[in-house]
2 protein chains.
Amino acid sequence: MLSAYMLGEEKGGGMGKQKSKTKKTKAPSADEAAFLAGHRLDAFPRPSVAVDVVILTVRAAALFVCLHERSDHPAKEQLALPGGFMRIEESLDEAARRIVKEKAGFDDIFLEQLYTFADPGRDPRGRVITVAHVALIEAARFDASPCPKGRIEVPWPGETGGPVDVFVDSDGPHSPIELAFDHRDILGTAVRRLRGKLDYTPIGFQLLPAEFTLRALQDVHEAVRGEQVNKDSFRRRMLASGHLEATGSHERDVTWRPAELYRFIRRSAV
Amino acid sequence: MLSAYMLGEEKGGGMGKQKSKTKKTKAPSADEAAFLAGHRLDAFPRPSVAVDVVILTVRAAALFVCLHERSDHPAKEQLALPGGFMRIEESLDEAARRIVKEKAGFDDIFLEQLYTFADPGRDPRGRVITVAHVALIEAARFDASPCPKGRIEVPWPGETGGPVDVFVDSDGPHSPIELAFDHRDILGTAVRRLRGKLDYTPIGFQLLPAEFTLRALQDVHEAVRGEQVNKDSFRRRMLASGHLEATGSHERDVTWRPAELYRFIRRSAV
DNA sequence: GAAATAGTGTCTTTAAGACAGTATGTG
DNA sequence: CACATACTGTCTTAAAGACACTATTTC
C-alpha cells in the first residue's frame, strides 16, 4: 500500500533538490503548464471571503471592543465588528490591516488570526465565510479612535467558551446590545483565545503603554481573566519571568505612593 | 463620538427583542429584503476555498501523518495532505469530514479547525485559500487506512513553530520528502497546536484505545513534545487530574509485569 | 498623624524532580 | 534465580498563597 506513490515517475521537472523553505511557487513542468492553462477554478461556485477584526483593549479593569455601525444592509445601522471582503490580491493579514485602518483608524497594530467562521446561513446575502482576527491596542490609542466602543462581559469562567455580552455604557438600556451576524460568538472566541495566551505570552506588551506599573499589568490580567489574582504571587511571577525591566522612574500625579515603572524586554531569540 | 449611532432610527423591523442566541438569519425587513434581492455578492472576484486535514497519530514514540498522493496537477504524483474544495452548501466541518472519509477512509474522527492559510501564490492555479484542520486518531485505526504514512520529525523545541520534516520509512532515501504546496508549514502549525493543548486537555483520549496503560499515555506525551518527561511526576499529575479512572484489569501478552489499564472519564460540565 | 497603596520578608502549602525500595510478571 | 517493568513512599526543591510588616506619598 505504501509503495504505490513511490513507484511513480521520479517527480519530473527538476524539483527534487529544492528545499522549499520559501513559499514561492515552483516553476511548472510543460505538462503542468498545459494543465494549468486549461484549468478553470471558477468552474465551481465559490464563497465570498470576509475578514473581521476584534480590536480589544483593557481600561478600568474591563475589556473593551471597537465596533462599527453598519451603513448598509444586512443589519443596517446595527453594530458589528469592523470587517470587509478580502481583495483577490491581498493576504489575510493585509486585508485585516486595511480594514483596521479604514474602519477604526489604527495603523501599526498587533494582529493575529483567530478562527474562520463559515456556517452556511451566517450571512443573509449568501455564502460568506469570515476569517476572524484579534488585534490588541493600548487604551490611550483605543480611546482616540472614533469607533463606537463596547464593554465586554464574559458570562463563562476560565476557557469554557461561548458568546459574550456587549454593553454600550454611554447611557440607554443597561442590557447587552445585539451585534450583527455571529459577531457575539466571534468575540467569545477572541476572549477565550486571549485567556489562553495570558499565562504563556507577555500579552500586556500590546495592551499597555511603553512604561507601566506592575499594578497596571495586574489590572490587564484581571480584566482578561475576569477574576482577581494574588498580588504577591503575581509580582514575583512577573519579575521572575524575565520579560520585565525596571526603569528606575516612578508614576506621577497619583494620590498614593508612586509605583515604579517597568518596561517589557524584547525576548531574544533562542 | 459615541452618540452618533445611538441617535439613528430605532433599528426598524422588529429585531429589538430577539436574543439571537442561535445563528439563524433573522427575518429581513421589507427594505432589507429589497436590498438583498438586488445585491450581487459575485460582483467582486472571490477566491476558491479549500479544506486540508492533518490526520495524526502516535505510534512507536513518534508522530505520524496520513498523506495522499495527488492524482492531478499541480504537484501531480507528489504527496500532500488530504484536502479538497469546500462545497457551497457545506460547513467547514462537514467538508473536512467528507474529505477525511473520501481520502483516508475514516468515519467518526476527532476534528478541529487549525488555521487558514491564504498567501497569494500558495497555489499555482490561482487564488486558493485553505482552512486547515487537525484530526487525531488511535494508531490501530490509523494503520488500517491505505493512505501513505509520513513520520514527522520536529526540528524546533517547545512551541517555537516552523515547518517540520516528513519521512516515509518504507525504504528509499532517508531524507525528508517534499510535500505539495505549503503543507509542511501546515503540518508545523498542527504540531505546535498539539503541543500547546497537551497540558490543558486530555488529548490522549483521541490518540489511544479506550483502555490503555499509563506508560502508553506517557509515550503519547513524549511523542508530541518531542522530549522525555519525568515518569514519577507524570504519573502523579495524570492520576491527580481527575481525567483517569482505573479499570482494575491489566495489560496482557507482555514480557514484564503487566500494568493496570485506565480509561478516560468524560469530564462533567461545570 | 491618618489613609492609601507600594514594596519586602517569611511561613505554609503544594507540586515537581530525584531516588530508594517493593511488587509482579517473564525467562 | 536474574531481570525488566510497574508501582509506592519519602526527601528535596521551587513556586504559589497568605499575611505581617515597612515605605512613601497625599490629605
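Chain identifiers are assigned alphabetically (A, B, ...) following the order of the sequence lines, protein sequences preceding nucleic acid strands; residue numbering begins at 1 within each chain. Bear in mind the structure is a predicted one, so any value in this text is a computation, not a measurement.
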Side chain of A:Ser233 (C-beta onward), nearest among D:dA16, C:dG7, D:dA4: D:dA16
Whole-Å distance separating the CG atom of B:Leu261 from the P atom of D:dC7: 9 Å
Between P of D:dT5 and CD of B:Glu251, the distance in whole Å: 11 Å
Closest nucleotide among D:dA6, D:dG9, D:dC19 to the A:Asp232 side chain: D:dC19
B:Leu207 vs B:Glu138 side-chain heavy atoms within contact, under 4.5 Å: no
Per A:Trp256 side chain, nearest of listed nucleotides C:dA4, C:dT26, D:dA6: C:dA4
Interatomic distance, A:Met238 CE vs D:dA15 P [rounded to whole Å]: 14 Å
Mutual orientation of the aromatic rings belonging to B:Phe212 and B:Phe264 [parallel < 30°, tilted 30-60°, perpendicular > 60°]: tilted
Interatomic distance where CZ belongs to A:Arg236 and P belongs to C:dT13 [whole Å]: 15 Å
Aromatic plane relationship, A:Phe117 with A:Tyr115 - under 30° parallel, 30 to 60° tilted, over 60° perpendicular: perpendicular
Gap between atoms NE2 and P, on B:His250 and D:dC7 respectively (whole Å): 6 Å
Over 12 foreign heavy atoms within 6.0 Å of CD, B:Gln228: no
B:Arg237 CZ - D:dC7 C1' separation (whole Å): 18 Å
Residue B:Asn230, side-chain atoms from C-beta onward, closest of C:dA18, C:dA6, C:dT10: C:dA18
B:Phe234 CZ - D:dA6 P separation (whole Å): 12 Å
For atom CD of A:Gln228 and atom C1' of D:dA16, their distance in whole Å: 17 Å
Phosphate OP1/OP2 of D:dT26 contacted by A:Arg257 side-chain N/O (<4.0 Å): no
